[in-house]
Amino acid sequence: MSASPQLIGSSGDSLREAFGKALSACANDYPNVVVLDADIAGGTGVHHFRKSHPDRFFQFGIAEQNMMAAAGGMAATGLIPVVTTFAVFCLRAIEQARLSIAYAKRNVKIVASHPGLDVGPDGGSAQALEDLAAFRAIPGMTVISPADAEEMAQATRAVLDFDGPVYMRTGRSGSKRLFGPDHKFEIGKGQVLCNGNDVTLVACGVEVARALEAADLLAKDGIAARVINMPTIKPIDTALLAIASKETGCMVTAEDHNIYGGLGGAVAEALAQTTPCPIEFVGVRDVFGQSGEPDELAEHYKLTAPYIAEAARRAIARKKKNK
Amino acid sequence: MNANIQLSQLSANLAAQDDDDIDRLAAHAREIRRLSVAAIYHATSGHPGGSLSCADILSVLYGQELALDASNVASPDRNRFVLSKGHAAPALYATWASFGLMDRKTALSLRKLGSIAQGHPHVLDTPLAETSTGSLGQGFSTAIGMALGLRHQRKAARVYTLLGDGEMQEGEVWEGAMCGAHHKLSNLCAIIDYNKLQSDDRNEAIMGLEPLAQKWRAFGWHTLEILGHEIPAITAAFDEARAINWRPTVIIAHTIKGRGVPYMEDQPLWHGSVKLTREQTETALLSLGTSAIEMKELLDVR
Ligand SMILES: Cc1ncc(C[n+]2csc(CCOP(=O)(O)OP(=O)(O)O)c2C)c(N)n1
Ligand SMILES: [Mg+2]
């Protein structure tokens with residue numbers, strides 16, 4: 001019998017692993033980058049960095065609030081701190097992130113693993129469905145949620161190059177590969193992944209793969225959906241959204257987050273001020289999650305492709321009614 | 001174990017408990033361990049190490065100290081227990097099952113979609129949890145609030161809460177420690193599951209806690225140190241805590257993480273969240289004295 005445990009979720013293709021590997025791989029190019037951990041390096045992916053750059057790895061213990069504000073202090077000395085914990089514990093330290101990082105305009109990167117229902121069996125207490133909304137509301141905070149391992153790796157470099165506070169989601173479970181090395185991630189920019197003029201599906205994180213699947217489902221019914229990958233929630237790519245709104249006339253947003261205040265909120269705010277159109281929101285409908293495997297939960301809370309397709313049909317119906 | 005711990009004047013009280021009672025609680029502790037392991041096996045994830053380390057403490061709490069049964073669990077005058085180290089939920093459900101407060105099948109449905117046995121205790125699913133935990137530090141503060149609320153309403157009920165040692169790195173715990181002493185909450189008893197390990201490594205490698213007893217004393221708590229797997233010592237500590245006036249009590253219980261399953265004992269990697277293979281589960285259950293009939297019942301539950 002093997003007396004060692006099978007650690008779960010640390011599958012090679014999870015976004016947290018992709019982040020951890022990318023950070024470790026590019027660390028020599030960024031000598032000022034330091035990593036802060038609160039006793040969960042094994043879970044956030046930064047165990048790679050701890051191994052490759054032990055002298056630049058700082059252990060804060062299970063004390064996220066102290067760690068968050070300390071990151072602000074380390075940034076004040078010229079370092080680029082990467083603060084890592086689970087998304088839900090970033091919420092615990094949000095007031096420190098607000099004052100000691102954002103308000104003081106510190107160049108700190110907050111990287112949150114275990115966001116959304118994707119957390120799975122740990123249950124509702126651990127599933128952060130509010131983080132995008134909460135961090136988006138902090139002035140000066142850039143908010144990012146990449147969709148696959150390639151994009152995660154590129155985003156890791158991009159946030160280190162960027163001067164200013166960033167909140168970035170990774171992910172716990174295995175992720176689908178969507179992009180090749182020709183993919184180009186840029187902060188503040190979305191990309192059209194597939195073209196169509198009947199409806200636009202805008203997604204971030206784990207929902208991008210599901211939105212692409214939904215576009216396939218819709219195509220079977222002769223509906224041509226445009227799929228936009230929107231890895232930067234703030235600042236949102238208003239120009240790309242405005243074009244899509246004009247050309248497709250209706251939209252669906254999809255995210256592993258509460259329907260309030262996250263990607264859906266950001267898209268609605270952007271379009272309300274430029275080119276309004278009917279929008280349907282796919283996300284968790286203002287309830288807490290529960291234990292279950294990520295796939296089961298996505299189905300239970302209606303985040304899977306068929307529900308995105310259904311929302312697209314509702315959006316198209318509303319567009320037609322308005323005409 | 002730390003050389004300079006003082007095991008207070010507990011030995012005098014140890015004789016008070018009769019052998020039958022000790023045997024009964026020890027048997028429950030073994031059952032709690034078996035059910036915890038089986039539940040984590042079926043869940044394919046969970047935290048075995050910290051569930052096994054607190055089984056004896058939970059056995060004494062629910063088997064004796066809390067005096068809870070089906071007739072009084074909803075009474076406003078009941079004693080309360082908050083599992084502040086919420087990731088030990090498997091042990092909590094197992095304890096309830098062992099004392100007839102939850103059915104075994106539910107305890108074994110840990111972490112399944114739709115089960116009330118959530119990955120971390122949720123008060124809306126299991127009111128006996130008293131509050132929802134899983135974010136370290138918060139259960140302790142909530143227990144302080146309960147102790148204040150009960151005393152304010154002149155109720156005699158007591159509040160117990162179990163913390164992990166790693167959990168004490170949260171600043172919130174020390175805010176609570178100050179608060180509990182300031183408000184002279186003698187109806188509050190905190191127990192520390194001092195298994196010396198946390199998520200990634202040993203406490204002392206992650207963020208040193210020592211001198212721990214001195215810290216609690218300096219914060220104004222009546223502070224005891226015991227061996228947390230010895231039922232008479234746990235009982236005696238609770239007896240002593242009940243007799244203390246004008247101060248809350250903290251029981252620092254020296255334990256072994258993974259206790260009862262030799263291959264898990266004192267191994268940081270068995271903290272969690274882990275998947276147990278069938279073979280690992282069988283080996284663990286055998287170490288815990290599981291009979292062939294019970295083995296089948298625990299493993300083949302559907
Ligand atoms: C606020 C918070 N930060 C991080 C975690 C993730 N986490 C879960 S258990 C754990 C280690 C806890 O160690 P300890 O308190 O010693 O528990 P035990 O050894 O009894 O299992 C961590 C870091 C958490 N649950 N809550
Ligand atoms: Mg511990």
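Proteins get letters first, then strands, A, B, ... in listed order; numbering begins at 1 in each.
With a 4.5 angstrom heavy-atom cutoff, A/Asn66 does not touch chain B via any of its atoms. For B/Ser199, the parts lying near chain A are the backbone and the side chain together; criterion is any non-hydrogen pair under 4.5 Å. Using a 4.5 Å cut-off between heavy atoms, A/Ser291 contacts chain B through both its backbone and its side chain. Contact annotation for B/His47: only side-chain heavy atoms (C-beta onward) come within less than 4.5 Å of a heavy atom of chain A. Both the backbone and the side chain of A/Glu64 come within less than 4.5 Å of a heavy atom in chain B. With a threshold of 4.5 angstrom between heavy atoms, B/Thr277 approaches chain A through its backbone and through its side chain. Both the backbone and the side chain of A/Ser2 have a heavy atom closer than 4.5 Å to some heavy atom of chain B. Contacts of B/Glu167 with chain A are made by backbone atoms alone, with heavy-atom separations under 4.5 Å and no side-chain atom involved.
Remark: side-chain polar atoms of B/Asp200 are not paired, donor with acceptor, to backbone N or O of A/Asp39 under 3.5 angstrom. Side-chain N or O atoms of A/Gln290 include one that pairs as donor or acceptor with a backbone N or O of B/Gly114 at under 3.5 Å.
In this structure, A/Arg136 places its CZ atom where more than 12 heavy-atom neighbours from other residues, nucleotides or ligands lie under 6.0 Å away. Residue-environment remark: CZ (A/Phe57) exceeds the threshold of 12 foreign heavy atoms within 6.0 Å. Surrounding NZ of A/Lys302 are at most 12 heavy atoms belonging to other residues, nucleotides or ligands under 6.0 Å away.
With a 4.5 Å cut-off on side-chain heavy atoms, A/Gln59 and B/Asp201 do not count as touching. At a threshold of 4.5 Å between non-hydrogen side-chain atoms, the residues A/Asp122 and B/His120 count as touching. In this structure, the side chains of B/His122 and A/Phe288 stay at 4.5 Å or more apart for every pair of heavy atoms. B/Leu276 places none of its side-chain heavy atoms less than 4.5 Å from the side chain of A/Gln6.
Taking each heavy atom of A/Glu296 and B/Leu113 in turn, the nearest pair found is OE1-CB, 3.7 Å. Closest non-hydrogen pair, B/Ser135 versus A/Arg92, comes out as OG-NH1, 2.8 Å.
Going from atom CZ of B/Arg278 over to atom CE of A/Met1 covers 14.5 Å, rounded to the nearest 0.5 Å.
In terms of non-hydrogen atom pairs under 4.5 Å with chain B, the most contact-rich of A/Ser4, A/Gly43, A/Ala38, A/Ser125 is A/Ser4. Note: B/Glu170 leads B/Met207, B/Gln169, B/Glu170, B/Gln267 in heavy-atom pairs under 4.5 Å with chain A. Taking chain B as the reference chain and counting heavy-atom pairs below 4.5 Å, the highest number among A/Gly124, A/Ala126, A/Gly292 is found for A/Gly292. Per-residue heavy-atom pair counts under 4.5 Å with chain B were compared for A/Gly120, A/Ala63, A/Gly123, and the maximum is reached by A/Ala63.
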